[in-house]
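Remarks on the structure that follows.
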Amino acid sequence: MFEEVKALLAKQLKLKDDSIIKPDSKIKADLGADSIDILQLLMTLEEEKGIVIPDEELATFTVVQDIVDYLEKQK
């Protein structure tokens, strides 16, 4: 699941080198994502996975692993 989230983040953020994306990478501080980037990423995940990510959950995602953990719980 991490590799899938990593690939989506790299594409969304237009990162040439996805090796900087680690499970403990801070989505905003380390990867430079803004609120719009995060929202678009989560909309893509919702479409692909057929799930809905509540706004309350969205507010708790600070590192990449937070997204991975949430998605794994939805399986």
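The CG atom of L45 sits 11.0 Å away from atom CD of Q74, with the distance rounded to the nearest 0.5 Å. One distance of note links NZ of K28 with OG1 of T62; it measures 10.0 Å at 0.5 Å rounding. A distance of 10.5 Å separates CZ in F2 from CD1 in I67, rounded to the nearest 0.5 Å. With values rounded to the nearest 0.5 angstrom, L31 atom CG is found 11.0 Å from K26 atom NZ.
When all heavy atoms are compared, the tightest approach of A10 to I21 is N-CD1, 3.8 Å. Across all non-hydrogen atoms, the minimal contact from K6 to D18 is CE-O, 3.0 Å. When every heavy atom of V52 is checked against every heavy atom of Y70, the shortest pair comes out as O-OH, 3.5 Å.
By the 6.0 Å contact criterion, CG on D24 is enclosed, its count of non-hydrogen atoms from other residues, nucleotides or ligands being greater than 12.
Put simply, the side chain of L9 reaches to within 4.5 Å of the side chain of L41, judged on heavy atoms. Looking at heavy atoms from C-beta onward, D66 lies out of side-chain contact with I27 at the 4.5 angstrom threshold. Two residues are said to be in side-chain contact when any heavy atoms from C-beta on lie closer than 4.5 Å; D30 and I20 fail this criterion.
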How far apart are the C-alpha atoms of I38 and L58, what are their side-chain angles, what is the distance that settles it, and do they pass the side chain to side chain contact (heavy atoms under 4.5 Å, CB included) test?
CA-CA 9 Å; I38 295 169; L58 173 62; 3.5 Å; yes
Quick one, E48 with L8, criterion side chain to side chain contact (heavy atoms under 4.5 Å, CB included). Give me CA distance, side-chain angles, the key distance, then yes/no.
CA-CA 11 Å; E48 288 184 6; L8 284 170; 4.0 Å; yes
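When hydrophobic clusters are built by joining Ile, Leu, Val, Met, Phe, Trp and Tyr residues whose side-chain heavy atoms come closer than 4.5 Å, directly or via intermediates, L13 is not grouped with V63.
Remark: K49 engages E4 in a salt bridge, criterion side-chain N to carboxylate O under 4.0 Å.
For residues 35-47, the set of pairs meeting the side-chain hydrogen bond (donor to acceptor under 3.5 Å, both in side chains) definition, not counting sequence neighbours, comprises Q12-Q40.
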